[in-house]
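Computed from a predicted structure; not experimentally measured.
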Amino acid sequence: QVQLVESGGGLVQAGGSLRLACTVSGRPFSNYAMGWFRQAPGKEREFVASISRNNIYTTYADYVKGRITISRDNAKNTGYLQMSSLRPEDTAVYYCACDLSPLNVTKPRSYIYWGQGTQVTVSS
């Protein structure tokens, strides 16, 4: 079984930055591709970014390009989401997810393992 734990969320002013972390245990993190998703109240869970298991391929949602960077450190079993120039509309619970081989990295159903989420609130 694989466990994922997110951290790093919090309250930040518009224009500020946060770095989220996702620590993976139970299986070697290097076996899994990782994705980050977010869900705002009353909205569906939406794709933010993904990174391949070997740290080579990254994919970003159009609305975060240039503001968010996904990365991973397989030696530390941790993935990261560096967010800058945050906007109030970025307010959501952010989730990390892992899968051996996601069919579509932008779809939540492609990932089998999920963290519990971390709240990000951006004030105007």
Tightest non-hydrogen contact, residues Pro88 and Ala14, listed as CD-CB, 4.1 Å
Please tell me whether Val24 and Ile112 are part of a single hydrophobic cluster in this structure, the criterion being side-chain heavy atoms less than 4.5 Å apart. yes
Please evaluate residues Tyr113 and Gln1 with respect to the criterion side chain to side chain contact (heavy atoms under 4.5 Å, CB included), reporting the C-alpha separation (whole Å), side-chain torsions for both, the decisive distance (0.1 Å), and the verdict. CA-CA 9 Å; Tyr113 300 111; Gln1 190 71 4; 4.2 Å; yes
Provide the closest heavy-atom pair for Arg72 versus Ser30 in the form atom of the first, atom of the second, distance. NH2-CA, 4.0 Å
How many angstroms lie between OG1 in Thr91 and CD in Gln119, if you round to the nearest 0.5 Å? 7.0 Å
Taking all atoms of both residues into account, what is the closest heavy-atom pair of Thr69 and Tyr60, and its distance? CA-OH, 3.4 Å
Could you tell me whether Tyr63 atom OH has more than 12 heavy atoms of other residues or ligands within 6.0 Å of it? yes
Is the backbone of Gly117 close enough, under 3.5 Å, to the side chain of Glu6 for a donor and an acceptor to pair up by distance? yes
Transitive ILVMFWY side-chain link Tyr94 to Val12, under 4.5 Å: yes
Nearest-0.5 Å distance, OG of residue Ser123 to CG of residue Leu86: 10.0 Å
Would you call the rings of Trp114 and Phe37 parallel, tilted or perpendicular, where under 30° means parallel and over 60° means perpendicular? tilted
Check: Asp99 side chain, Arg109 main-chain N or O, donor-acceptor pair, under 3.5 Å: no
Quick check for you: to the nearest 0.5 Å, what is the distance between Leu4 atom CG and Thr78 atom OG1? 10.0 Å
Mind checking whether Val93 and Val122 sit in one hydrophobic cluster, side chains of I, L, V, M, F, W, Y counted as touching below 4.5 Å? no
Does any non-hydrogen side-chain atom of Ile70 lie less than 4.5 Å from one of Met34? yes
Should the pair Arg87-Asp90 be classified as a salt bridge under the 4.0 Å nitrogen-to-oxygen rule? no
Any non-hydrogen side-chain atom of Asp73 less than 4.5 Å from a side-chain atom of Tyr80? yes
So CZ of Arg38 and CZ of Arg45: to nearest 0.5 Å the spacing works out to 13.0 Å
In terms of heavy-atom contacts, Thr106 and Pro108 come closest through O-CD, 3.8 Å
Could you pull out the closest heavy-atom pair between Ser85 and Ser17, with the gap in Å? N-OG, 4.4 Å
Linking I/L/V/M/F/W/Y whenever any side-chain heavy atoms sit under 4.5 Å apart, do Tyr95 and Val5 land together? no
Any side-chain to backbone donor/acceptor pair from Tyr111 onto Val105? Under 3.5 Å, distance only. yes
Do Arg27's NZ or CZ and the ring of Tyr32 fall within the cation-pi criteria of under 6.0 Å and 45°? no
Approximate separation, where rounding is to 0.5 Å, of Cys22 SG and Phe29 CZ: 6.5 Å
For the pair Thr59 (side chain) and Ala49 (backbone), establish whether a donor and an acceptor sit closer than 3.5 Å, ignoring hydrogens and angles. no
Say whether, by atom type as modelled, one donor and one acceptor occur between the side chain of Ser110 and the main chain of Pro102 under 3.5 angstrom. no
Can you name the one residue among Val48, Thr118, Leu18 that meets side-chain contact (heavy atoms from CB on, under 4.5 Å) with Leu81? Val48
Just how far is it from atom CD of Glu46 to atom CD of Gln39, taken to the nearest 0.5 Å? 9.0 Å
